Number of protein chains: 2
Amino acid sequence: MTSIRERNRELILRAASEEFAEKGFAATKTSDIAQRAGLPKPNVYYYFKSKERLYREVLESIIEPLLQASSPFNQPGQPAEVLRAYIRTKIRISREHACASKVFASEIMHGAPHLSPERVEQLNAQASHNIARIQGWIDEGLMAKVDPSHLLFSIWAATQTYADFDWQISSVTGKASLGDTDYEAAAETLIRMVIKGCEVQDDVTG
Amino acid sequence: MTSIRERNRELILRAASEEFAEKGFAATKTSDIAQRAGLPKPNVYYYFKSKERLYREVLESIIEPLLQASSPFNQPGQPAEVLRAYIRTKIRISREHACASKVFASEIMHGAPHLSPERVEQLNAQASHNIARIQGWIDEGLMAKVDPSHLLFSIWAATQTYADFDWQISSVTGKASLGDTDYEAAAETLIRMVIKGCEVQDDVTG
DNA sequence: GTCTATATTGCGATAGAC
DNA sequence: GTCTATCGCAATATAGAC
């Protein structure tokens with residue numbers, strides 16, 4: 001059973017994600033969020049104390065999926081399998097959590113002023129773990145000697161870009177929005193660059 | 001001879017680039033720009049009519065370098081040469097025009113509301129040209145059949161990321177700022193992924 | 001719990017002295 | 001051409017009726 005409270009909170013959170021993603025934190029008006037949610041403005045303040053706390057909740061909503069995306073790195077598996085799964089998951093997040101993803105990117109771009117040190121530490125720890133795992137593969141001779149950090153940065157950038165720069169991608173491709181086949185092509189292209197480009201040992205492609 | 005006028009304009013433009021890059025358009029206060037430039041606030045309005053016009057000038061300052069970056073695609077050359085030169089130039093822009101680059105990214109992320117249709121058209125035309133050139137190489141059998149658009153998006157993302165997400169990169173690597181060797185490693189890693197990953201014909205790496 | 005009507009503040013922009 | 005002092009407005013936040 002979903003109470004009115006839960007329902008309204010959900011409506012506001014969704015509207016806020018969209019508004020913050022479109023215009024950024026500072027440029028977004030709480031009245032616009034309320035309007036998009038179909039509720040009067042004071043409700044926004046009633047459910048979420050302030051614009052900033054609402055923003056923090058939107059931000060928080062993307063962290064869990066983001067950490068989850070690294071799960072392939074936390075399980076046993078061949079390098080090619082792990083990297084493939086990771087890239088596919090990252091692209092899926094860009095697609096399914098496009099708004100929150102964009103809000104997160106904008107936050108990071110401006111030095112993460114609203115992100116708690118704990119969260120930052122958590123994300124960094126996962127990143128360090130992934131980098132170490134890649135370095136391990138290199139040491140075992142399972143892939144070429146590339147810089148693991150820069151490899152990871154490239155994967156982040158290339159997957160995030162489908163959420164962050166959707167406007168540019170639409171503008172260049174002429175498509176209003178990307179479909180299944182586009183995301184499939186995006187994943188294929190990046191996976192190829194990583195697996196072949198880094199000579200990752202792989203039973204499928206050699 | 002540089003007049004006071006030119007000098008002050010330059011000071012304000014530089015300060016504005018930094019402020020806009022750090023906080024985004026809406027969150028930036030003209031008083032902060034003035035303070036950073038070491039000038040009183042009304043001077044900002046005297047030289048640049050409004051906050052928005054100042055912002056547009058900052059934005060404009062990155063377009064020329066950005067279009068310039070595609071020059072390898074506008075000259076004859078082997079695929080590997082062109083791609084290598086392009087990637088190196090894009091990374092250099094991320095480094096040398098870090099602030100304006102970030103402002104541009106933020107603008108694009110929010111749907112380019114301040115960018116003139118002419119500029120958008122210009123950038124899209126160049127992008128289309130680059131994509132067509134890559135497709136040409138594929139048709140000639142000079143590289144593997146990858147999706148040229150997605151390849152280009154990946155290159156944009158992976159090179160821009162060093163400007164846009166500098167905070168994250170510092171945070172993960174633990175370095176306050178990247179040096180020559182870091183940018184060199186970044187370029188090497190990406191070039192490898194593109195050339196090897198897309199099986200671009202190349203006399204050097206085969 | 002919900003919403004109308006209002007308080008408050010902070011910032012973009014300018015008038016006018018030098 | 002430059003800067004001090006101030007206006008006006010827009011947007012966050014709330015008091016208080018229902």
Side-chain angles (χ1 to χ4, degrees), chain A residues 1-61 99 103 106-107 110-111 113-115, chain B residues 1-61 99 103 106-107 110-111 113-115:
Chain A
M1 174 256 176
T2 65
S3 63
I4 291 177
R5 184 173 192 88
E6 280 175 68
R7 208 190 75 99
N8 284 357
R9 269 187 63 97
E10 203 50 50
L11 281 172
I12 293 167
L13 268 174
R14 180 183 296 266
S17 293
E18 291 165 1
E19 287 289 326
F20 287 139
E22 266 178 35
K23 310 186 196 159
F25 175 70
T28 296
K29 296 181 276 189
T30 52
S31 59
D32 285 352
I33 295 173
Q35 187 164 18
R36 191 185 276 245
L39 292 167
K41 184 173 64 159
N43 272 30
V44 174
Y45 287 91
Y46 175 68
Y47 290 119
F48 307 83
K49 200 65 186 168
S50 72
K51 181 183 171 182
E52 173 148 355
R53 284 168 74 106
L54 173 53
Y55 175 78
R56 286 187 133 96
E57 290 219 25
V58 171
L59 210 51
E60 195 61 30
S61 74
C99 289
V103 173
S106 199
E107 173 71 13
H110 300 123
H114 302 278
L115 220 54
Chain B
M1 172 254 175
T2 66
S3 63
I4 290 179
R5 185 175 191 87
E6 281 175 67
R7 207 190 75 100
N8 284 357
R9 268 187 64 98
E10 203 50 50
L11 280 171
I12 293 167
L13 269 174
R14 180 184 298 266
S17 294
E18 291 165 0
E19 287 288 326
F20 287 139
E22 266 178 34
K23 311 186 196 159
F25 175 71
T28 295
K29 296 182 277 190
T30 52
S31 59
D32 285 351
I33 294 172
Q35 188 164 17
R36 190 184 277 244
L39 292 166
K41 185 170 67 157
N43 272 30
V44 173
Y45 288 89
Y46 175 68
Y47 290 118
F48 307 82
K49 200 64 185 169
S50 71
K51 181 184 171 182
E52 173 149 355
R53 285 168 75 106
L54 174 53
Y55 175 78
R56 286 188 132 97
E57 289 220 25
V58 171
L59 210 52
E60 195 62 30
S61 74
C99 289
V103 173
S106 198
E107 173 71 13
H110 300 122
H114 302 278
L115 219 55

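Remember, it's a predicted structure, so these values are computed and weren't measured experimentally. In the text below, chain A, chain B and the rest are named by the order of the sequence lines, each starting its count at 1.
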### Query
Are B:E57 and B:R53 within salt-bridge range, i.e. N to O under 4.0 Å?
no

### Query
Does a salt bridge link A:R14 with A:E10, judged by any charged N lying under 4.0 Å from a carboxylate O?
no

### Query
Which part of the nucleic acid, if any, lies within contact of B:P42, taking any heavy atom under 4.0 Å across all strands shown: a base, the sugar-phosphate backbone alone, or nothing?
base

## Note on the structure
A:K41 atom NZ is separated from D:dA15 atom P, nearest whole Å, by 14 Å

### Task
Could you state the atom-to-atom distance from CZ of A:R9 to P of C:dT2 in whole Å?
12 Å

### Query
Hey, does the side chain of A:S31 come within less than 4.0 Å of D:dA11's phosphate (OP1/OP2), counting only N and O?
no

#### Entry: Protein-nucleotide distance (A:Y47, atom OH; C:dT2, atom C1'), rounded to Å
8 Å

### Side-chain touch A:Q35/A:D32, heavy atoms, less than 4.5 angstrom
yes

### Query
When you measure from the side chain of B:K29, which nucleotide among C:dT14, C:dG12, D:dA11 comes out closest?
C:dG12

### Task
Take atom CZ of A:R53 and atom P of D:dT14, then tell me their distance rounded to the nearest Å.
11 Å

### Query
Between A:Y46 and C:dG1, is there a side-chain N or O to OP1/OP2 distance below 4.0 Å?
yes

### Query
Should A:N8 be listed as having a side-chain N or O under 4.0 Å from OP1 or OP2 of C:dT2?
yes

## Note on the structure
Atom OH of A:Y45 and atom C1' of C:dC3 are separated, to the nearest Å, by 15 Å

#### Entry: Euclidean distance, atom NZ of residue A:K49 to atom P of D:dA13 [Å, nearest integer]
10 Å

### Nearest-Å distance for atom pair CG/C1', residues A:D32 and D:dA10
12 Å

#### Entry: NZ/NE/NH1/NH2 to OD/OE distance under 4.0 Å, B:K23 and B:E19
yes

### Task
With the side chain of B:K51 defined as its heavy atoms from C-beta on, choose the nearest nucleotide among C:dA13, D:dA13, C:dT14.
C:dA13

### Query
Which word best sums up how the rings of A:F20 and A:F25 line up, parallel for under 30°, tilted for 30 to 60°, or perpendicular for over 60°?
tilted

### Task
For A:N43 and D:dT12, give me the distance from atom CG to atom C1', rounded to whole Å.
16 Å

